[in-house]
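For reference, the structure is listed below as structure tokens.
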Number of protein chains: 2
Amino acid sequence: MASEVGLSTAAVHERVKKMVERGVIERFSLRVDPERVGLRFTAFVAVRNDGGIHCREVAPLLREMPEVLELHSVAGEYDFLAKIRTTHARALEEVLYKIKAIPGVARTTSTVVLNTEFEDRPLRLP
Amino acid sequence: MASEVGLSTAAVHERVKKMVERGVIERFSLRVDPERVGLRFTAFVAVRNDGGIHCREVAPLLREMPEVLELHSVAGEYDFLAKIRTTHARALEEVLYKIKAIPGVARTTSTVVLNTEFEDRPLRLP
DNA sequence: GTTGAAAAATTCGCTGT
DNA sequence: ACAGCGAATTTTTCAAC
């Protein structure tokens with residue numbers, strides 16, 4: 001790692017450590033192939049909240065569902081966009097029931113993923 | 001790491017190595033905070049291809065754009081759903097121009113992310 | 001899964017900036 | 001005050017069991 005960048009290993013280590021301290025590097029991780037662990041079904045679910053509870057209360061409830069891998073607050077007709085992974089389509093139905101059980105959640109629209117072309121690309125630094 | 005799971009470090013190492021060999025673990029990575037490196041704007045862009053070139057040719061072209069972090073082939077009105085990160089809204093416009101320049105790409109619909117609640121959650125094994 | 005030697009990472013003290 | 005280096009220490013890796 002160090003030789004490729006022309007620094008000693010110790011210098012690289014110091015830099016990485018500082019980036020962790022400063023929060024630039026959030027965490028170290030490893031990527032597991034979702035298909036290989038049985039998560040073969042992916043969908044993007046748009047969620048609209050029509051005032052039952054405040055939007056700020058909805059996000060923590062969606063976070064409790066392990067199938068919800070990503071949650072974004074979005075502009076437009078819907079309030080949230082969730083990326084959801086389950087074992088199969090039938091399991092998504094269960095998750096949708098749980099989401100619709102949240103007070104105020106009036107409508108959801110699911111976009112089924114047929115194939116993930118690519119995912120988890122390294123960020124290009126601007 | 002090993003002590004928490006009740007195995008020797010070497011045994012853990014063997015297991016990890018096998019998971020890498022079998023492709024269960026795809027790669028080791030570190031997560032960089034996109035905001036901290038200037039990527040402050042996120043959008044999901046749905047792309048529809050109306051027959052200029054085959055869908056299979058469109059994906060590689062989108063892969064060449066570093067702003068496109070994820071690409072999924074989807075069911076429904078659109079053919080693809082792309083997760084895009086740029087420095088600011090103005091930069092998304094540039095990316096959209098490039099996408100629309102692909103032969104056959106007739107229409108795109110962008111969903112602007114106001115706030116990412118969470119992302120890159122560990123998969124729960126089913 | 002375990003042990004232990006080789007290899008690599010991390011920390012430390014120092015130097016130049 | 002801070003980035004980098006080489007050497008000492010600690011941890012990880014990998015073979016043999």
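The chains referred to below are lettered A, B, ... by the order of the sequence lines, with proteins before strands, and numbering in each begins at 1. Any value given below was found using the heavy atoms of this structure, including those in side chains, with hydrogens, waters and symmetry copies removed.
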Without placing hydrogens or testing angles, list every side-chain donor-acceptor pair under 3.5 Å for residues 16-27 of chain A, not counting sequence neighbours.
residue	atom	partner	partner atom	Å
A/Glu26	OE1	B/Arg31	NE	2.6
A/Arg27	NH1	B/Asp120	O	2.7

Side chains of residues 44-61 of chain B: which donor-acceptor pairs under 3.5 Å do they make with residues two or more places apart or in other chains?
residue	atom	partner	partner atom	Å
B/Asn49	OD1	B/Gly51	N	3.2
B/Asn49	ND2	B/Ile53	O	2.8
B/His54	ND1	B/Arg56	N	3.0

Using nucleotides 10-17 of chain D, report all nitrogen or oxygen pairs with the protein that are shorter than 3.5 Å.
residue	atom	partner	partner atom	Å
D/dC14	OP2	B/His13	NE2	3.2

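Residue pairs meeting the side chain to side chain donor-acceptor pair (under 3.5 Å) criterion with at least one member in residues 69-79 of chain B, sequence neighbours excluded: A/Lys83-B/Glu70, A/Thr116-B/His72, B/Glu70-B/His72, B/Tyr78-B/Arg107, B/Tyr78-B/Thr109.
Of the candidates D/dA3, D/dC5, C/dT2, C/dT2 carries the atom nearest the B/Ser8 side chain, counting heavy atoms from C-beta on.
With sequence neighbours excluded, no residue forms a salt bridge (Lys or Arg N to Asp or Glu O under 4.0 Å) with B/Glu14. In terms of the side chain to side chain contact (heavy atoms under 4.5 Å, CB included) criterion, residue partners of A/Pro66 (sequence neighbours excluded) are, by chain and number, B/Arg124.
The interatomic distance linking B/Phe28 (CZ) with C/dA8 (P) rounds to 17 Å, in whole Å. Counting to the nearest Å, the P atom of D/dA1 and the NZ atom of A/Lys18 are 13 Å from each other. Across the protein-nucleic acid pair, A/Leu7 atom CG and D/dC2 atom P stand 18 Å apart, rounded to whole Å.
Between A/Glu94 and A/Arg90, at least one side-chain N (NZ, or NE/NH1/NH2) sits under 4.0 Å from a carboxylate O, which counts as a salt bridge.
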